[in-house]
> 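Here it is, the structure, as structure tokens.
Indexing begins at 1, ligand by ligand and atom by atom, following the structure's order. It should be emphasised that the depicted structure is a prediction, and the values quoted were computed from it without experimental measurement. Reckoned from all heavy atoms, side chains included, excluding hydrogens, waters and symmetry mates.
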Amino acid sequence: MDSVLNKKRNIIISEEKIKSRIAKVGAEISKDYEGEEIYVLSLLRGSFIFTADLVRSITIPTIIGFMTTSSYGNGEESTGVVKVVNDIPDNIKGLNVLVVDDIVDSGITMEFVMNHVKKLGAKSVKCCSLLDKPERRKTEIKPDYCCFEIPDVFVVGYGLNYGDYYRNIPYVFNWEE
Ligand code: IMP
Ligand code: MG
């Protein structure tokens, strides 16, 4: 972490932009599931801030549960193997599940979790991510709802980490070379 401390930050997505985009995506989700209820499955730790803001812009009945997977060490590249660290705490059989993550990168995490949810007998499974890096995809996953598409750059803030840090920063940024 020390190596980046003195580098200048580039704000990629500001707090204001995040806020207004989440309001729109929350409204879209509420409209699409009108008359139904959803189970928001938030993937820890990366999506905790995004989930907190997103669910407050959803107006239909919403249950919220958390699951922890790991595929990343502390670095920037996926190991490609997803492990369940903490499983879904509820019976999701027959529910409309919306899996929420901070970013869909290779798509390996999202594909794994969506398959897991299907196996548990959900009525429907869709996914929503704050960020999408389509250039990095190694799976067929395309987020059903996505706030921002970004190029292939490693970003942090608003839940996204580097090492153990930067999740608490309220905007998405990277460092100048
Ligand atoms: P995937 O399985 O490759 O799609 O990766 C999903 C996970 O990788 C996310 O939940 C993030 O924790 C992490 N990740 C991918 N790209 C970034 C990034 O640019 N910054 C921080 N974390 C990232
Ligand atoms: Mg992470």
> Using a 4.0 Å cut-off to any heavy atom of Ser106, which atoms of ligand 1 qualify?
1 (P), 2 (O), 3 (O), 4 (O)
> Using non-hydrogen atoms of the residue, decide whether Asp102 is closer than 4.0 angstrom to ligand 1.
yes
> Less than 6.0 angstrom separating the ring centers of Trp175 and Phe154, yes or no?
no
> Does only the side chain of Met110 get under 4.0 Å from ligand 1, or the backbone, or both, or neither? Count heavy atoms.
neither
> Looking at Asp101, which atoms of ligand 1 are within less than 4.0 Å of one of its heavy atoms?
10 (O)
> Give the numbers and elements of all ligand 1 atoms closer than 4.0 Å to a heavy atom of Asn161.
21 (C)
> Applying the side chain to side chain contact (heavy atoms under 4.5 Å, CB included) test to Glu37, which of Ile63, Thr62, Asn96 qualifies?
Ile63
> What's the verdict on side chain to side chain donor-acceptor pair (under 3.5 Å) for Tyr145 and Asp32, showing C-alpha distance, side-chain angles and the deciding distance?
CA-CA 11 Å; Tyr145 304 96; Asp32 290 354; 2.6 Å; yes
> May I ask you to check if ligand 1 and Gly107 share an N or O to N or O distance below 3.5 Å?
yes
> Has the side chain of Ser42 got a donor or acceptor atom that lies under 3.5 Å from a matching backbone atom of Phe66?
no
> What atoms in ligand 1 come closer than 4.0 Å to a heavy atom of Val155?
18 (C), 19 (O), 20 (N), 21 (C)
> Under a plain distance cut-off of 3.5 Å, with no hydrogens placed, do Tyr158 and Asp53 share a side-chain donor-acceptor pair?
yes
> For ligand 1, which atoms sit closer than 4.0 Å to a heavy atom of Thr109?
1 (P), 2 (O), 5 (O), 6 (C)
> Please state which part of Leu160 comes within less than 4.0 Å of ligand 1, counting heavy atoms only: side chain, backbone, both or neither.
side chain
> Heavy-atom contacts with Lys133 under 4.0 Å: which atoms of ligand 1 show up? List them by number with element.
16 (N), 17 (C), 18 (C), 19 (O)
> May I ask you to test the Ser70-Lys83 pair for a side-chain heavy-atom distance under 4.5 Å?
yes
> Does any donor atom in the side chain of Tyr171 or Arg9 lie under 3.5 Å from an acceptor atom in the other side chain?
yes
